[in-house]
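In what follows, chains carry the letters A, B, and so on, assigned in the order in which the sequence lines appear, proteins first and then strands, with residues in each chain numbered from 1. Worth knowing before you read on, the calculation uses all heavy atoms, side chains too, and leaves out hydrogens, waters and symmetry mates.
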Amino acid sequence: MNDANRGGQGPRPDIPEKYLKPFDPASVEARLYEAWEKSGYFDPDTLPDEPGRGRNGQPFSMVLPPPNVTGVLHMGSALMLAVEDIMARYARMKGRKALWIPGTDHAAIATQAVVEKKIQKEEGKSRHDLGRDELMRRIGEHVTATHDAIVSQMRTMGASLDWSREAFTLDDKRDLAVRTAFKRMYDDGLIYRGYRVVNWDPKGQTTISDDEIEYEARTTKLYTFRYSKDIPISISTTRPETKLGDTAIAVNPDDERYKAFVGAEFKAVFAGEPISLKVVADRAVEKEFGTGALGVTPAHSVIDWEMSQRHGLPLKQVINEYGKMTVGMDGVKDKKTAEAREAVVAWLRAEGLLEKEEDIEHNISLAQRTGGVIEPLPKLQWFVAVNKAFKKQGERTEEKGGTTLKGLMKEAVSSGATKIIPDRFEKVYFNWIENLRDWCISRQIWYGHRIPVWYKGDEAFCGLEAPEGDGWVQDEDTLDTWFSSGLWTFSTLGWPDEKEFAKNRAYHPTTVLETGSDLIFFWVARMILMSTYLLGEVPFRTVYFHGLVRDTKNRKISKSLGNNIDPVDMIARYGADAVRMSLVVGVGPGNDSKIDEAKIKAYKLFSNKLWNIARFVFSTADMKAEGPLSAADQAVMDGFRSLLAEITVEMDEYKYYLVAEKLYAYAWRELADKVLEESKPILAGPDAEARRSRSVLLRSVMEGLLKALHPFMPFITEEIWKDMPVPGKKPLIVEKWAI
RNA sequence: GCGCGCUUAGCUCAGUUGGUAGAGCGACCCCUUGACGUGGGGUAGGCCAGGGGUUCGAAUCCCUUAGCGCGCACCA
């Protein structure tokens with residue numbers, strides 16, 4: 001640089017050539033990501049060795065909610081990656097030993113369903129045609145392909161994940177964790193096998209948990225009738241075909257109409273099936289609904305099953321796993337329930353038993369994954385007992401009575417050990433726990449963690465490995481995918497391997513869990529359950545929920561609607577920085593947001609604005625200028641510093657939506673529109689001292705702005721940072737936070 | 001039935017101790033070869049869903065009504 005070029009004689013000749021063209025994300029992003037990865041800064045152990053910072057800093061840890069290996073990433077995943085990367089990069093710049101662990105989820109039932117469907121469509125074969133081994137091989141192929149696509153997408157977003165620790169919910173280490181957890185709970189009596197009415201999905205041919213059910217409002221006929229002319233009580237039902245399995249009539253104990261009948265027993269032949277009905281009194285029966293009398297079907301209704309337990313009623317199954325009747329007259333037996341219903345109603349009408357038909361609004365239960373109508377059936381399944389008392393770790397006194405898993409889950413949040421953002425979700429969480437029933441964890445599918453229990457005759461053995469001796473056969477079922485996901489915060493840190501876990505102990509409890517609010521029960525609650533039970537500590541200090549990403553018409557983004565805006569496509573066109581900003585600005589925690597291309601485009605223009613700010617500063621200010629600021633320039637600097645102080649507080653409060661907006665406004669409206677404009681005459685003017693002071697100011701503001709924007713827009717800030725003349729500078733990713 | 005959230009400019013949304021309504025996009029007008037694959041300046045557009053209350057003062061706090069969305073329960 002020589003003095004002849006000073007004083008507004010046009011652009012200085014030494015400006016890097018890249019600034020002569022608009023910012024081109026495609027040409028720099030992949031290269032920058034590779035450089036970060038090679039530098040080792042994604043791995044906390046290879047962060048810079050500085051006192052109190054980097055590898056010597058306070059640990060910060062977070063797990064990536066492992067995406068399902070069913071397909072590609074969508075905008076919701078992009079939002080998740082953007083917010084979490086902001087968290088990780090901010091923590092790293094603040095000097096923390098930041099660990100963000102990547103992984104993918106085998107998603108058991110979801111993945112098997114996708115692959116089975118594909119094979120059925122392309123080859124016309126079912127899983128039984130292929131057999132267990134061949135299906136596993138096919139799923140393996142599918143999982144490898146989708147895994148690779150997903151991982152490459154995460155990289156394009158700029159996610160600063162520690163790839164050296166990547167995990168899979170179904171790999172060997174996680175399988176050992178699952179078996180270990182299962183055995184601990186089994187030995188404590190918290191996992192048991194029981195014959196109970198469960199949610200059966202006839203379409204998926206498996207049981208599912210209560211949380212995997214979706215409800216859909218439909219108008220249905222409510223039939224009121226008598227079982228026979230000899231029975232003086234009428235009942236109402238929407239499912240007459242199930243009445244072949246009735247073993248009781250329940251009435252409210254306070255109902256004067258039926259008091260005289262309580263304890264009586266009636267016999268009849270109903271649609272060809274002999275039935276025997278005991279009249280019982282139960283508070284669960286509402287006097288006002290229907291006739292006030294309820295036909296109890298213990299085998300095909302969870303509520304009725306519970307009632308049957310209270311009154312010692314027999315259980316009689318009349319519907320099988322395929323949703324077909326197993327008893328009844330011609331036209332009923334062997335027919336699907338819908339068909340059998342019509343036949344039963346026709347029979348009632350013919351017999352003169354039908355008293356009333358009316359339309360009512362009612363919810364039907366559907367399996368979330370397959371859409372199949374849930375058929376409650378009695379089956380021998382594995383359960384986690386949430387209400388059973390056990391002794392807490394370290395608690396030896398019997399007389400205390402111990403605690404329950406429900407209690408542990410409640411306490412984790414009510415004690416403040418785990419905070420939920422936004423806090424309104426705490427109510428939702430407590431409400432769910434209140435209504436929680438035992439968790440059915442066995443699934444009749446093949447893809448997943450096999451239940452670590454072996455049988456020989458009447459004997460059962462639960463262990464990490466098969467027992468010694470011949471003739472032991474392992475349980476055919478696999479575990480609910482959320483059982484393994486529940487262990488994720490510590491199975492990824494080496495648990496149950498004591499040596500490996502000890503090395504990572506400082507990362508648990510993890511600092512924060514960022515995930516979608518729809519996972520509050522499935523995942524968040526299960527992680528709290530597993531961690532508090534197995535480790536005696538919460539899995540994370542803070543839960544940050546993001547909302548749903550919708551399209552401009554306020555529809556949920558889904559494949560079937562074909563309204564997915566592909567994040568990879570958007571990144572290719574506008575850059576990852578623009579996509580990240582568009583997802584984050586103005587979107588508070590827990591709130592749904594809308595995404596459209598115009599918004600992403602707007603932040604591409606912002607990238608370009610930053611680029612040109614850099615171009616202006618590099619070409620007109622003296623980047624080597626030193627010394628104090630003039631009073632006027634100091635005032636500008638003070639204004640900027642107070643902004644930095646403000647946003648630092650907001651970063652700590654997880655208010656990224658505000659920070660992003662403020663930085664955008666400052667860079668454009670304040671720095672570009674005001675400061676740079678007023679700098680033009682100063683930098684072109686005759687006053688050397690004013691030029692010097694203004695140059696120092698512009699360089700300082702640029703430096704602070706790049707740092708503050710880095711967590712949000714890592715690529716462009718890092719790229720500009722390369723040309724900043726900062727003494728002893730490091731890559732921006734590990735530079736010290738702006739304030 | 002219980003609970004939660006939302007309702008602010010044409011659109012998308014901010015507005016966190018109550019102090020005279022904000023941004024982006026869009027529309028319209030003017031200017032600009034400029035650091036800017038454009039940018040700058042300006043204009044129009046809002047009884048902050050309705051009603052009531054607290055207060056000197058309410059988009060903000062309380063009560064209530066309505067619409068939309070969501071969770072849970074019920075679902076005979």
A:Phe545 CZ - B:rC70 P separation (whole Å): 18 Å
Rounded distance (Å) that lies between atom C1' of B:rC70 and atom CG of A:Asn363: 14 Å
Which whole number of Å gives the distance between the P atom of B:rG67 and that of B:rU55? 32 Å
Roughly how far apart, to the nearest Å, are B:rC74 and B:rU60 at atom C1'? 37 Å
Just compare B:rA35, B:rG37, B:rG41 and give me whichever is closest to any side-chain atom of A:Pro22. B:rG37
Rounding to the closest angstrom, what is the interatomic distance between B:rG51 and B:rC4 at atom C1'? 23 Å
Both distances under 3.5 Å, Watson-Crick or G-U wobble: report the partner of B:rU33, or none. none
For B:rG37, take OP1 and OP2 only and decide whether either is under 4.0 Å from a side-chain N or O of A:Asn608. yes
Are side-chain heavy atoms of A:Ile613 and A:Trp668 found at a separation under 4.5 Å? no
What does B:rU12 pair with, Watson-Crick or G-U, if both distances are under 3.5 Å? B:rA23
Using heavy-atom distances to pick each residue's nearest nucleotide on RNA chain B, tell me which of A:Arg239 and A:Lys21 is more 5'. A:Lys21
Under 3.5 Å, is there a donor-acceptor pair between the A:Trp482 and A:Asp211 side chains? no
Counting only side-chain N and O atoms of A:Lys427, is one of them less than 4.0 Å from OP1 or OP2 of B:rC4? yes
Could you check how far CD of A:Glu358 sits from C1' of B:rC75, rounded to whole Å? 14 Å
Looking at the side chain of A:Glu677, which of B:rC74, B:rA35, B:rC75 is the nearest nucleotide? B:rA35
Separation of the C1' atoms in B:rG69 and B:rG26, to the nearest angstrom: 26 Å
Could you say whether A:Asp210 or A:Arg424 is positioned toward the 5' end of RNA chain B, judged by the nucleotide with the nearest heavy atom to each? A:Arg424
From B:rA35, B:rG41, B:rC72, pick the nucleotide closest to the side chain of A:Arg669? B:rG41
Taking B:rU16, B:rG37, B:rA35 as options, the one with an atom nearest any side-chain atom of A:Leu658 is B:rU16
Just compare B:rC75, B:rU16, B:rA35 and give me whichever is closest to any side-chain atom of A:Arg615. B:rA35
Inter-nucleotide C1' distance (B:rG37, B:rG19), Å rounded: 45 Å
Which nucleotide, if any, forms a Watson-Crick or G-U wobble pair with B:rG71, using both distances under 3.5 Å? B:rC2
Rounded C1' spacing from B:rA66 to B:rC25 in Å: 31 Å
If you check every side-chain atom of A:Ile303, which of B:rA14, B:rC75, B:rG37 has the closest atom? B:rC75
Spacing of the C1' atoms in B:rU16 and B:rA58 (rounded, Å): 16 Å
Has the side chain of A:Tyr657 got a donor or acceptor that lies under 3.5 Å from a partner of the other kind on the base of B:rU16? yes
Find the partner of B:rU7: check Watson-Crick (N1-N3 plus N6-O4 or O6-N4) and G-U wobble (N1-O2, O6-N3) distances, both under 3.5 Å, and reply none if neither fits. B:rA66
Assigned partner base of B:rU55, Watson-Crick or wobble definition, under 3.5 Å: none
Taking CH2 from A:Trp668 and C1' from B:rG39, how many angstroms apart are they, rounded to a whole number? 8 Å
Taking only the P atom of each, what is the distance from B:rG10 to B:rC2 in whole angstrom? 36 Å
Taken to the nearest whole Å, CD1/A:Ile647 to P/B:rU16 is 19 Å
